**Q** 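Take this structure, written in C-alpha cells, and hold onto it; I'll ask about it next.
Computed from heavy atoms alone, side chains included, the values below leave out hydrogens, waters and symmetry copies. Proteins get letters first, then strands, A, B, ... in listed order; numbering begins at 1 in each. What you see is a predicted model, and the numbers here were worked out from it, not measured in a lab.
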2 protein chains.
Amino acid sequence: MPDTERRATKQRRAVEQVLRETDDFISAQALHARLREQGDTVGLATVYRTLNAMAEDERVDMLRVDDGEARYRLCASDDHHHHLVCRECGRTVEIEGPAVESWADTVAAQHGFRDVSHTLEVFGTCAKH
Amino acid sequence: MPDTERRATKQRRAVEQVLRETDDFISAQALHARLREQGDTVGLATVYRTLNAMAEDERVDMLRVDDGEARYRLCASDDHHHHLVCRECGRTVEIEGPAVESWADTVAAQHGFRDVSHTLEVFGTCAKH
DNA sequence: CTCTCTGCAAAACATTTGCAGTCGG
DNA sequence: CCGACTGCAAATGTTTTGCAGAGAG
C-alpha cells in the first residue's frame with residue numbers, strides 16, 4: 001500500500017536519525033535499544049511499523065542474517081558495499097567488489113531472473129588473533 | 001559441537017530421504033508437513049534438531065528468505081558453490097564464481113585476515129513470476 | 001546397559017496486530 | 001476536526017529447550 005499518506009512524527013524522526021548515524025545494517029531490536037539509551041521512548045511496535053513502511057517506500061534496504069533477525073539500513077544511493085568480518089572480535093571492514101556486482105547480475109540474467117539483488121559477507125580471522 | 005556422536009535413527013533417515021527427493025530449498029515446517037503426509041510421524045522439534053545437526057556437519061546448506069523462514073537443502077556437490085534463488089517460488093540454481101572466490105581471498109589478505117571464508121547468495125524473480 | 005535421541009509441551013524469540021487514546025496537518 | 005499514528009498488551013509464527021521415556025549400539 002504505497003499510496004497511503006505518511007505523517008512526520010517525533011518517533012519516525014528518531015528512527016530515521018539513528019539510521020542516519022548507523023553505517024552498517026542494524027536490527028529493529030538494536031535500533032529500539034539505541035533509542036532508549038538516548039532517552040527517546042519509542043515503542044518497539046512503532047519501530048517495526050516505521051521500518052516496514054520505509055522498506056515499502058524503498059527508503060531502507062532489508063536483509064536477513066542467519067540468526068533470524070532482519071537488519072535494516074538506509075538506502076545508500078551511492079555505492080553498494082560488502083563486509084569483511086573478523087570471526088573472533090567482530091571487527092568489520094567495508095569492502096567493495098565492483099566485479100561481483102556485475103557478475104551477479106549477469107549470471108542471474110542468464111537464468112532468466114529479474115530484480116536481482118545479492119548478499120555477500122566475507123569472514124576471516126583478523127591480524128590481532 | 002561437531003565432535004558429538006551421531007546415531008542413525010528412523011526419523012533422521014526419514015528427514016534425509018525427503019531432502020534427497022527435494023531439489024530446491026525446503027523449510028523445516030514444510031519438511032515436517034511432507035513427513036506427516038507420507039505417514040511418518042516425526043516431531044517438529046526433531047526435524048529442527050536434525051536439520052541443525054546436519055547444518056553443523058555441513059551436510060545441508062541453510063539460507064534465510066525474507067519471510068523469516070529458514071530453508072534447507074542437501075549439499076549437492078563437494079566443491080564450493082553459490083545459489084541463485086527465486087524469491088517468489090524458492091526455485092534454486094547453483095552457480096559458480098571462480099573470480100569471486102579469489103577476489104574474496106585477496107581482499108581479506110590485504111586487510112590482514114586469515115582463514116577466509118564467505119557466503120554469497122543471489123536473489124531474483126525467476127522467469128515464471 | 002548406557003547414552004543419545006525423541007515427543008510433547010512450554011519457553012524463547014522476533015515480529016505483527018487489535019484497540020483506545022493521541023496528535024499532526 | 002479527522003484520520004493516521006502510537007503504545008501496550010495480546011496474538012502469531014518460527015525455532016529452541018526441559019524433561020521423562022524410548023531405542024540404538
**Q** Measuring only between side-chain heavy atoms, which start at C-beta, is A:Leu19 closer than 4.5 Å to A:Met54?
**A** yes
**Q** Please determine if a side-chain N or O atom of A:Tyr48 lies less than 4.0 Å away from the OP1 or OP2 oxygen of C:dT15.
**A** yes
**Q** Give me the ring orientation class for B:His83 and B:Phe25: parallel if the planes are under 30° apart, tilted from 30 to 60°, perpendicular past 60°.
**A** perpendicular
**Q** So if I take the C1' atoms of five pairs at each end of the helix from C:dC1-D:dG25 to C:dG25-D:dC1 and get each local axis, what angle do the two axes make, rounded to 10 degrees?
**A** 40°
**Q** Would you say B:Tyr72 and B:Thr50 make side-chain contact, with heavy atoms under 4.5 Å?
**A** no
**Q** Round to a whole Å and report the spacing from CG of A:Asp67 to C1' of D:dT16.
**A** 14 Å
**Q** Using the side chain to side chain donor-acceptor pair (under 3.5 Å) rule, take B:Gln38 and B:Glu21 through it: C-alpha gap first, then chi angles, then the decisive distance, then the call.
**A** CA-CA 13 Å; B:Gln38 65 183 48; B:Glu21 291 173 354; 5.7 Å; no
**Q** Between atom CZ in B:Arg64 and atom C1' in D:dT14, what is the gap in whole Å?
**A** 8 Å
**Q** Polar atom pairs between nucleotides 6-10 of chain D and protein, under 3.5 Å, N or O only, would you list them?
**A**
{"unit_1": "D:dT6", "atom_1": "OP1", "unit_2": "A:Thr9", "atom_2": "OG1", "d": "2.8"}
{"unit_1": "D:dT6", "atom_1": "OP2", "unit_2": "A:Arg12", "atom_2": "NH2", "d": "3.3"}
{"unit_1": "D:dT6", "atom_1": "O3'", "unit_2": "A:Gln11", "atom_2": "NE2", "d": "2.9"}
{"unit_1": "D:dG7", "atom_1": "OP1", "unit_2": "A:Gln11", "atom_2": "NE2", "d": "3.1"}
{"unit_1": "D:dG7", "atom_1": "OP1", "unit_2": "A:Thr41", "atom_2": "O", "d": "3.1"}
{"unit_1": "D:dG7", "atom_1": "OP1", "unit_2": "A:Gly43", "atom_2": "N", "d": "3.4"}
{"unit_1": "D:dG7", "atom_1": "OP2", "unit_2": "A:Gly43", "atom_2": "N", "d": "2.9"}
{"unit_1": "D:dG7", "atom_1": "OP2", "unit_2": "A:Thr46", "atom_2": "OG1", "d": "2.4"}
{"unit_1": "D:dG7", "atom_1": "N7", "unit_2": "A:Arg49", "atom_2": "NH2", "d": "2.8"}
{"unit_1": "D:dG7", "atom_1": "O6", "unit_2": "A:Arg49", "atom_2": "NH2", "d": "3.3"}

**Q** Report the distance from atom CG of A:Leu31 to atom P of C:dA14, rounded to the nearest whole Å.
**A** 14 Å
**Q** Decide yes or no for B:Arg71 and B:Glu69: does some side-chain heavy atom of the first lie under 4.5 Å from some side-chain heavy atom of the second?
**A** yes
**Q** Please name all residues satisfying side chain to side chain contact (heavy atoms under 4.5 Å, CB included) with A:His32, sequence neighbours left out, ordered by chain then number.
**A** A:Arg36, A:Leu44, A:Val47
**Q** Can you find a pair of side-chain heavy atoms, one from A:Leu31 and one from A:Leu51, that are under 4.5 Å apart?
**A** yes
**Q** OP1 or OP2 of C:dT15 less than 4.0 angstrom from a side-chain nitrogen or oxygen of A:Asn52, does that happen here?
**A** no
**Q** Find the distance A:His32:NE2 to C:dA14:C1' and express it as a whole number of Å.
**A** 13 Å
**Q** Going by heavy atoms in the side chains, are A:Arg20 and A:Leu74 under 4.5 Å from each other?
**A** yes
**Q** Between A:Ile26 (CD1) and C:dT15 (P), how many Å, whole number?
**A** 12 Å
**Q** Distance check needed: D:dT14 C1' versus B:Met62 CE, whole Å only.
**A** 12 Å
